[in-house]
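FYI, the numbering just counts along the sequence from 1.
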Amino acid sequence: MKAFIYSFFVGLFLVVSHSCSPKQFLVVSYNVENLFDTLKNSGSGDMEYIPESPLNWNSEKYQNKLRNLSKVLSSIDSKRLPDFIGLVEVENRSVVEDLSKTGNLLKGNYSVSHFEGPDPRGIEVAFMYSKKFKPVQEMPIKVYTDSLRRYRSRDILYVKGILEGDTLYFFVNHWKSRRGSEETTERKRVAAANLLRQFTDSILGYNPKAKIIIMGDFNDTPADSSLRVILGAEKPGSGTRLVNITYPLHKQGLGTHFYGNAYSMIDNFVVSEGLLSASKGIFSDGKAAIFSPEWISYKTKAGHWAPARTFSGKNYFNGYSDHYP
């Protein structure tokens with residue numbers, strides 16, 4: 001039985017399988033929207049998520065957030081917990097470890113990969129993985145946005161490891177947001193894309209059949225030049241070495257994020273052609289999907305279903321995230 005990958009959005013996820021066994025492995029990418037603890041332990045931006053702030057971010061709200069996220073992640077597939085979870089907008093390793101021990105996720109017995117980064121608000125990326133995966137290398141890829149390396153954007157998390165005797169390469173991303181304007185922030189996303197391209201070219205230059213999974217919140221859609229041109233991740237069937245398997249969802253008008261009465265596919269899954277065409281070991285069927293049940297959504301005034309977030313401004317709604325996994 002061949003192995004395969006599925007991806008679902010509202011929380012973005014995919015499944016990889018093994019060609020010589022019936023095993024399948026669930027991979028999830030989820031921007032969890034400001035998973036902060038209640039302590040003053042980051043930069044000035046951390047002052048928003050403490051009990052003394054206007055948000056009144058306290059232990060009860062933090063525990064609610066952990067339970068809500070655990071419920072989402074453990075509900076994506078009724079038959080299995082995720083084997084791999086790429087997390088975006090976490091404050092530190094501690095909150096990820098707390099999440100891994102909350103609710104049904106405790107049964108996953110997850111390990112965590114995380115490195116402190118440069119973001120002034122203290123938001124990071126992290127990677128949770130089951131014991132089936134044996135990491136052999138993990139590191140932050142530092143993204144500089146100027147030639148003199150004075151200005152640093154958010155790191156890309158790189159984890160290489162062994163699953164069922166096969167080598168997998170994971171990259172978890174959170175590229176610069178469009179806050180301010182798309183034009184003025186684009187160069188920072190392009191810088192991240194250029195650096196990621198250098199790493200993937202190096203891997204594929206050594207092994208053209210390498211099995212790579214790139215995930216996260218890119219703040220760009222599959223059609224934007226940072227992903228399509230700079231990274232070189234085209235739509236399925238384009239013959240490129242990297243393939244954006246969320247491109248078909250984007251073309252259908254679907255998305256993981258809702259803003260201005262429109263959905264956008266800013267959370268992406270990019271995989272290597274070697275993962276799609278593998279005749280043995282781990283492989284993917286190139287299908288992606290969004291996980292967006294009504295219970296993690298709310299209906300807007302215009303009648304659209306959108307991700308139910310924790311806060312809107314200072315109003316607390318005890319939701320899940322402003323993204324779908």
Side-chain angles (χ1 to χ4, degrees), residues 5 7 12 14 16 27 29 84-88 112-119 124-129 133-149 151-163 166-176 186-220 222 224-234 238-247 266-278 281-282 284:
I5 285 181
S7 300
L12 186 62
L14 61 84
V16 293
V27 186
S29 177
F84 304 95
I85 306 173
L87 295 169
V88 176
V112 171
S113 179
H114 167 271
F115 296 90
E116 289 292 332
D119 188 87
E124 320 284 357
V125 297
F127 189 58
M128 288 168 49
Y129 54 92
F133 180 70
K134 306 300 181 184
V136 296
Q137 185 180 15
E138 47 189 314
M139 60 180 280
I141 300 174
K142 297 178 180 179
V143 180
Y144 291 94
T145 57
D146 71 314
S147 58
L148 297 178
R149 297 168 65 89
Y151 305 109
R152 187 171 157 199
S153 189
R154 287 186 284 254
D155 296 340
I156 299 170
L157 176 60
Y158 168 66
V159 182
K160 172 186 176 182
I162 308 299
L163 177 66
D166 217 346
T167 301
L168 295 177
Y169 303 84
F170 290 93
F171 295 87
V172 186
N173 299 258
H174 187 196
W175 293 2
K176 176 65 178 176
E186 182 182 22
R187 66 177 181 85
K188 297 182 179 181
R189 293 189 294 278
V190 167
N194 268 315
L195 187 58
L196 182 56
R197 177 67 178 266
Q198 292 174 30
F199 271 80
T200 57
D201 278 355
S202 177
I203 294 168
L204 293 169
Y206 174 74
N207 177 13
K209 296 182 179 180
K211 299 174 181 181
I212 299 171
I213 299 174
I214 301 168
M215 69 181 90
D217 178 357
F218 296 80
N219 279 299
D220 270 339
D224 285 311
S225 62
S226 61
L227 284 159
R228 188 176 58 83
V229 179
I230 307 300
L231 182 59
E234 279 282 6
S238 297
T240 50
R241 298 200 294 180
L242 295 178
V243 180
N244 193 326
I245 61 174
T246 54
Y247 211 119
I266 59 175
D267 299 281
N268 291 253
F269 261 123
V270 173
V271 301
S272 59
E273 177 60 33
L275 190 64
L276 300 175
S277 60
I282 303 295
S284 164

Report yes if some heavy atom in the side chain of Val159 is under 4.5 Å from a heavy atom in the side chain of Phe133; otherwise report no. yes

Let me know which of Phe199, Phe170, Phe171 forms a side-chain contact (heavy atoms from CB on, under 4.5 Å) with Ile212. Phe171

So, taking the atom named CZ in Arg152 and the one named CG in Asp146, what distance separates them when rounded to the nearest 0.5 Å? 12.5 Å

Distance-minimising heavy-atom pair for Ala210 and Ser272: O-OG, 2.7 Å

Kindly say whether Gly216 contributes a backbone atom to a donor-acceptor pair with the side chain of Ser29 at under 3.5 angstrom? yes

Is Asn268 reaching over with its side chain to a backbone N or O of Ile266, donor-acceptor style, under 3.5 angstrom? yes

Mind checking whether Ile156 and Trp175 have side chains closer than 4.5 Å, heavy atoms only? yes

Between Asp217 (side chain) and Asp267 (backbone), is there a donor-acceptor pair under 3.5 Å? no

Looking at Lys211 and Ile282, what are the two nearest heavy atoms and their distance? NZ-O, 2.8 Å

Side-chain heavy-atom pair Arg241, Asp201 within 4.5 angstrom cut-off: yes

Stepwise side chain to side chain contact (heavy atoms under 4.5 Å, CB included) test for Ile213 and Phe84: CA-CA 11 Å; Ile213 299 174; Phe84 304 95; over 6 Å; no

For the residue pair Leu231 and Ala193, what are the closest heavy atoms and their distance? CD1-O, 4.2 Å

To the nearest 0.5 Å, tell me how far Ile214 CD1 sits from Thr200 OG1. 5.5 Å

Atom OG1 of Thr167 and atom NZ of Lys209: how far apart are they, to the nearest 0.5 Å? 14.5 Å

Does any part of the side chain of Arg228, heavy atoms only, come nearer than 4.5 Å to the side chain of Glu234, both counted from C-beta? yes

Check the pair Val243 / Glu273 against side chain to side chain contact (heavy atoms under 4.5 Å, CB included), numbers first and verdict last. CA-CA 7 Å; Val243 180; Glu273 177 60 33; 3.8 Å; yes

Less than 4.5 Å apart, any side-chain heavy atom of Leu242 and any of Asn244? no

Under 3.5 Å, is there a donor-acceptor pair between the side chain of Asp155 and the main chain of Pro140? no

Nearest non-hydrogen partners of Ser226 and Arg189, listed with the distance: CB-O, 4.3 Å

Looking only at heavy atoms, the pair that brings Val143 and Arg154 closest together is CG2-O, 3.5 Å

Side-chain heavy-atom pair Glu186, Ser225 within 4.5 angstrom cut-off: yes

Donor-acceptor check, side chain of Arg187 to backbone of Thr145, threshold 3.5 angstrom: yes or no? yes

Are any side-chain N or O atoms of Gln137 and backbone N or O atoms of Lys160, one a donor and one an acceptor, separated by less than 3.5 Å? no

What distance separates Leu195 CG from Ile230 CD1, expressed to the nearest 0.5 Å? 12.5 Å

Ile203 and Tyr158, any side-chain heavy atoms less than 4.5 Å apart: yes

Go through the steps for Val27 and Phe269 under the test side chain to side chain contact (heavy atoms under 4.5 Å, CB included), then give the verdict. CA-CA 10 Å; Val27 186; Phe269 261 123; 4.1 Å; yes

Measure from the side-chain N and O atoms of Arg149 to the backbone N and O of Tyr144, and report whether any donor-acceptor pair falls under 3.5 Å. no

Atom NZ in Lys176, atom OG in Ser153: separation rounded to 0.5 Å? 7.0 Å

Check the pair His114, Glu116 against side chain to side chain contact (heavy atoms under 4.5 Å, CB included), reporting the backbone distance first and the verdict last. CA-CA 7 Å; His114 167 271; Glu116 289 292 332; 3.4 Å; yes

N/O donor-acceptor pair under 3.5 Å between Ser284 side chain and Leu275 backbone: no

When you compare the side chain of Lys142 with that of Phe115, does any pair of heavy atoms fall below 4.5 Å? no

Looking only at heavy atoms, which two atoms of Pro222 and Thr246 are closest? And how far apart? CG-OG1, 3.8 Å

